[in-house]
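These figures come from a predicted structure and were not determined experimentally.
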Amino acid sequence: MVNYGMNLCVLYICGRAIRFENTFGSPVVWWAMNADRGSDRGWFSSVSPGDPETYVGAIADGSANEPADWPSRSIESGVVPDQSSYYELLHAATQATARAQVRRRERTDDQRLIHCIRAMDDTERVANELAERVSAWSSTTDTPVSGIDGARELLSRSPTQTDDAIAAATDERLVSLAEQVVSLDDEATALRETIEKSMPTVAPNLSMLAGPVLGARLIALAGGLEALAKQPSGTIQVLGAEDALFAHLAGRGSSPKHGVIFVHEYVSGTEPSLRGSAARALAGKLAIAARIDHYAGDRRPSLQAELDERIATIQSRGDGDE
Amino acid sequence: MSDRLPSGVTYRTIEGSDRLVTEGPPVYGEPTSEGWRAWDVRRSKLGAMFERGMDTGLEGGETVLYLGAAAGTTVSHVADFAGPTYAVEFAARPVADLLEVAAERPNLFVLLEDARSPSEYAHVVEPVDVIVQDVATRDQAQVANANRQFLSDDGRLLAVVKARSEDVTADPETVFDRFLDRLEGYSVLETERLDPFHDDHLAVIATPE
């Protein structure tokens, strides 16, 4: 049993590494992936018939450059006596493998993306904070800079020569700090790209309607795709505006019209008096998208057309008044 | 029309109407009669190809590689009349349903893999007589090209091109032409739009060159 669990774990990581092009991978994963490439042995070469613990690794972990007459080869190599027992074995193996993969993937895909989006926010926030420090510090030098672009600019300059020992020592630290800023900013960009690449697989419809980053943000706020799929659209509409919502519920202030979905162009690009309607329409479609993503998983391009049409109708109301 | 149907696929009267049917355990709540299951041609593009009388070349009992099996609506019917049927689907959630379909069909083999990376399943899939392709990704021609290695010399590719998966904004005809242009190593035998059963879908029947 212990062995089975270990197997699952390794092959799952390999699967991820391939799909995310090694985004989550480590050198060890790379090695494991490449070690199995180009093998032209059938899946059954590492299988002991009757021992289900060997099935999952055989199917999920293996690969081959090209197909071959695997049924005949398995009989020749003595793995199975005849064709019907080959297919019986293959059926047991594919069922066990796909079941294990489904279980494992469903459990962790959205959680990985939640870490990605939170790490992206963290790196952006820290990069900005440190960039402010670099700006303030650089104003004591001959070449003041500002912001993250300023930190980049500072790195591209050749260091000024000075006889002042203190200035030389502190300038060196300033440059080093600017390097950290740039490196954090690059990491934030890489995290964003990873989210953009992965979201269409994890939540195709949500990603299509909301955009990958906003979609991931909604999943993070809800705590997972399943949790998001179970939220009513009114909750999705105000996710991220909890402070305002609870202030309203406590009798202070008006009810929030939108949470993080404000960043969607359909909300922010709609004139203020109609934003509540636009936010409600968008949240309704996002709720449907999250449910399809969680319970069905296929892509439904018609959702986008329906949303576009609904928003166009709402926005045209404003045009009419003017 | 029905002389072009593979053996195991036929028409029967179910609930008062003439329906395309296969024989097997029911899957998605379709009407049945004496073990025959109605094949909903509005939910299945391959079903629509039969309904349209396209010459699929299928006779029954073939070895099939099905790309984009989703929850198994169509592939369940294929497994009813075909031989060993390999069903590739990349999304985890529909595979959960597909596994239940396969549990009752010993000739249906589920692979949770990406149809764009055939080397990940070439160690399992044997050379096949037919590839059925119904994938919802961009660059569907690339998927067909990459999987041609599985097809025997006189085999058939039965592909359905979804215009909206390639490019929602482009004119479907443009998308279809681009698909046919990019198809490599195949000669196209027949194409037909599947409207009104399936809007903006083109069925393509091809064989290796």
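- In the displayed structure, B:Arg178 atom CZ is contacted under 6.0 Å by more than 12 heavy atoms of other residues, nucleotides or ligands.
- A 6.0 Å sphere centred on CD of B:Glu173 holds more than 12 heavy atoms belonging to other residues, nucleotides or ligands.
- Using a 4.5 Å cut-off between heavy atoms, B:Leu111 contacts chain A through its side chain alone, with no backbone atom that close.
- Note on ring orientation: taking the six-membered ring where Trp is involved, the planes of A:Tyr87 and B:Phe109 are parallel (angle under 30°, cut-offs 30° and 60°).
- In terms of heavy-atom pairs under 4.5 angstrom with chain A, the leader among B:Pro118, B:Ala136, B:Pro106 is B:Pro106.
- With a 4.5 Å cut-off on non-hydrogen atoms, B:Leu108 touches chain A through its backbone but not through its side chain.
- Only the side chain of A:Pro71 comes within contact range of chain B, with at least one heavy atom under 4.5 Å from a heavy atom of that chain.
- Of the possible polar contacts, none joining the A:Glu66 side chain to the B:Gln149 backbone as a donor-acceptor pair under 3.5 Å is found.
- Contact annotation for B:Ala96: both backbone and side-chain heavy atoms come within less than 4.5 Å of a heavy atom of chain A.
- The environment of CD in B:Glu190 is crowded: more than 12 heavy-atom neighbours from other residues, nucleotides or ligands sit within 6.0 Å.
- Here the shortest heavy-atom pairing between A:Gln95 and B:Ala102 reads OE1-CB, 3.1 Å.
- Within a 6.0 Å sphere centred on CD of A:Glu196, heavy atoms belonging to other residues, nucleotides or ligands number more than 12.
- In terms of modelled atom types and a separation under 3.5 Å, the side chain of A:Trp70 and the main chain of B:Ala122 share a donor-acceptor contact.
- Using a 4.5 Å cut-off between heavy atoms, A:Leu225 contacts chain B through its side chain alone, with no backbone atom that close.
- Among residues 194-209 of chain B, no residue has any heavy atom closer than 4.5 Å to a heavy atom of chain A.
- Using a 4.5 Å cut-off between heavy atoms, A:Ala68 touches chain B through its backbone atoms (N, CA, C, O) alone.
- Residue B:Glu100 holds its CD atom at 8.5 Å from CZ of A:Arg99, rounded to the nearest 0.5 Å.
- B:Val125 touches chain A through its backbone: at least one of N, CA, C or O sits under 4.5 Å from a heavy atom, while the side chain does not.
- Residue A:Asp61 holds its CG atom at 9.5 Å from CD of B:Glu120, rounded to the nearest 0.5 Å.
- Within 6.0 Å of the CG atom in B:Asp153, the count of heavy atoms belonging to other residues, nucleotides or ligands does not exceed 12.
- With chain A as partner, the option from B:Lys162, B:Glu126, B:Glu89 having the largest number of non-hydrogen pairs under 4.5 angstrom is B:Glu126.
- Considering every non-hydrogen atom in both B:Ala92 and A:Val102, the closest pair reads O-CG2, 3.6 Å.
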Discussion item. Side chain to side chain contact (heavy atoms under 4.5 Å, CB included), that's the test. Do B:Val124 and A:Ile59 meet it? Break it down for me.
Written reply: CA-CA 7 Å; B:Val124 181; A:Ile59 301 275; 4.0 Å; yes

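- The distance from atom CG of A:Asn65 to atom NE2 of B:His123, rounded to the nearest 0.5 Å, is 12.0 Å.
- For chain A, no part of B:Ala70 is nearby; none of its heavy atoms comes within less than 4.5 Å.
- In this structure the side chain of B:Tyr121 never reaches within 4.5 angstrom of the side chain of A:Thr94, judged on heavy atoms.
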